[in-house]
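Worth knowing before you read on, the calculation uses all heavy atoms, side chains too, and leaves out hydrogens, waters and symmetry mates. Start at 1 and go down the list; that is how both ligands and their atoms are numbered.
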Amino acid sequence: MAFDQPLDSISPSVATAIDRERDRQESTLGMIASENHVSEAVLEAQGSALTNKYAEGYPGGRYYGGCQHVDTVEEDAIESAKALFGADHVNVQPHSGTQANMSVYFAVLEPADSILSLSLSHGGHLSHGHSVNFSGQLYDVDQYEVDPDTGYIDYDDLERQARETDPELIVSGSSAYPREFEYERIAEIADAVDALHLADIAHVTGLVAAGVHASPVEHAEFVTGSTHKTIRAGRGGIVMCDEEFADDIDSAVFPGAQGGPLMHNVAGKAVGFAEARTDAFDEYAEQVVANAKRLADVFVERGLSLVSDGTDKHLLLVDLRDSHPDLTGKQAESLLSDAGIIVNKNTVPGETRSPMVTSGIRVGTPALTTRGLEEAEMETVADCIVDVLDAPDDEGVTDRVASQVDELCTAYPIYE
Ligand SMILES: *Cc1c(COP(=O)(O)O)cnc(C)c1O
């Protein structure tokens, strides 16, 4: 039995990779908008013996014995989610945001039914009907876009498109749209064409929970989210709905889309949601947005173009084509990475380069805010980013920025 052997003797390569990944996170500025750092408490819940337990079904109605303790965990997660979001019904079992969306589609659509969603290259998500994803293969998908001049969704155009395509489901929500959605307006459009409304708040789950981003719960039959982006509850998904759809959603998650729930992840959600119910989390979420706005201000002062000219939330989308026409998103990502600033290349509305190259970068503040960085530090970070982009061939600049990054990382550790 290898049960009593330490990780580093069973698998030195995994042990080393885990240590190095932790060091990498500590020693770089993580600005990928979809990433964050969970607490030690969430790590502990996720790395627990709950991973051993099968719990197909729901609390009080499982297909396996011995579920009394995992029932408590799942009930806690559900209760906290209801308190955070004010939803009638919550299912905390989706393994990911994509599977949360899958469960909504399975609950209310038949194959070949039609979906109207935001295009991927304008900020949407693969699971909203992209051809490489099951959603694009099973359903008939039409997509709306942002106005190329303003970077904002044109709701009149969305309404016109909805009337034209008569979808069964309208999907709001995005991965790279820096503005709040007008959920009420989308609900009116959905009503007008007799469609249901799915609001996918994956990126803004924490901001909605804290009340710093509008909540779609009153304006959508279904709300799906991630639990690891702006809320720090470990990887996973969540789906909320009106009571009338509760049974359909539950059976669409299990057995429709998934088998047994990952109870260690459900425990992570329970712990992360409990943390999100504190005043400290509300302050955190406000700071996330304040930090993003400050970052945006400095970027604009220093001549960068931002899609929609700014942000309402935790992320910015920099369109490099005006300020740095020769620099691709891919190059920018790599240059910044050399200096210890981790962002991702991203397509921008009206993109002219391939998705593997792109003309933009997406920059987010959730993880840095978790470390404790505030507006003053965001100014430093913003200057560092623009300095690197302005001098792509100057190693002196990269080195100087790298040492500023080091100083910030040392001053604001993640795990003490
Ligand atoms: C991140 C994201 C998801 C979920 O992604 P997973 O990786 O499957 O958890 C879903 N929708 C949107 C809009 C997202 O940004």
Lys330 atom NZ, neighbour heavy-atom count above 12 within 6.0 Å
no
In this structure, atom 4 (C) of ligand 1 is nearest to the protein heavy atom Gly97 CA, 3.4 Å
Less than 6.0 Å separating the ring centroids of His203 and His314?
yes
May I ask whether Ser226 has any heavy atom positioned less than 4.0 angstrom from an atom of ligand 1?
yes
Give the numbers and elements of all ligand 1 atoms closer than 4.0 Å to a heavy atom of Ala202.
2 (C), 3 (C), 10 (C), 11 (N), 12 (C), 14 (C), 15 (O)
Under the 6.0 Å and 45° cation-pi test, does Arg232 pair with Phe281?
no
Only heavy atoms of His203, strictly under 4.0 Å: list the atoms of ligand 1 that pass.
15 (O)
Name the option, out of His95, Lys229, Arg235, that contains the heavy atom nearest to atom 14 (C) of ligand 1.
Lys229
Can you tell me if Tyr155 has over 12 outside heavy atoms packed within less than 6.0 Å of its OH?
yes
Ligand 1-proximal atoms of His228, by part, heavy-atom distance under 4.0 Å:
side chain
Where's the contact between Ser175 and ligand 1, heavy-atom distance under 4.0 Å: side chain, backbone, both or neither?
both
Assess whether a salt bridge exists between Arg20 and Asp23, defined as any Lys/Arg side-chain N lying under 4.0 Å from an Asp/Glu carboxylate O.
no
Hydrogens and angles aside, do Asp322 and Ser305 bring a side-chain donor and acceptor to less than 3.5 Å of each other?
yes
At under 4.0 Å between heavy atoms, what of Asp200 touches ligand 1? The answer is side chain
With a 4.0 Å heavy-atom cut-off (strictly under), which part of Ser174 contacts ligand 1: side chain, backbone, both or neither?
backbone
Quick one: do the Gln161 and Asp142 side chains pair a donor with an acceptor below 3.5 Å?
no
To the nearest 0.1 Å, how far is atom 8 (O) of ligand 1 from its closest protein heavy atom, and which atom is that?
Thr98 OG1, 2.7 Å
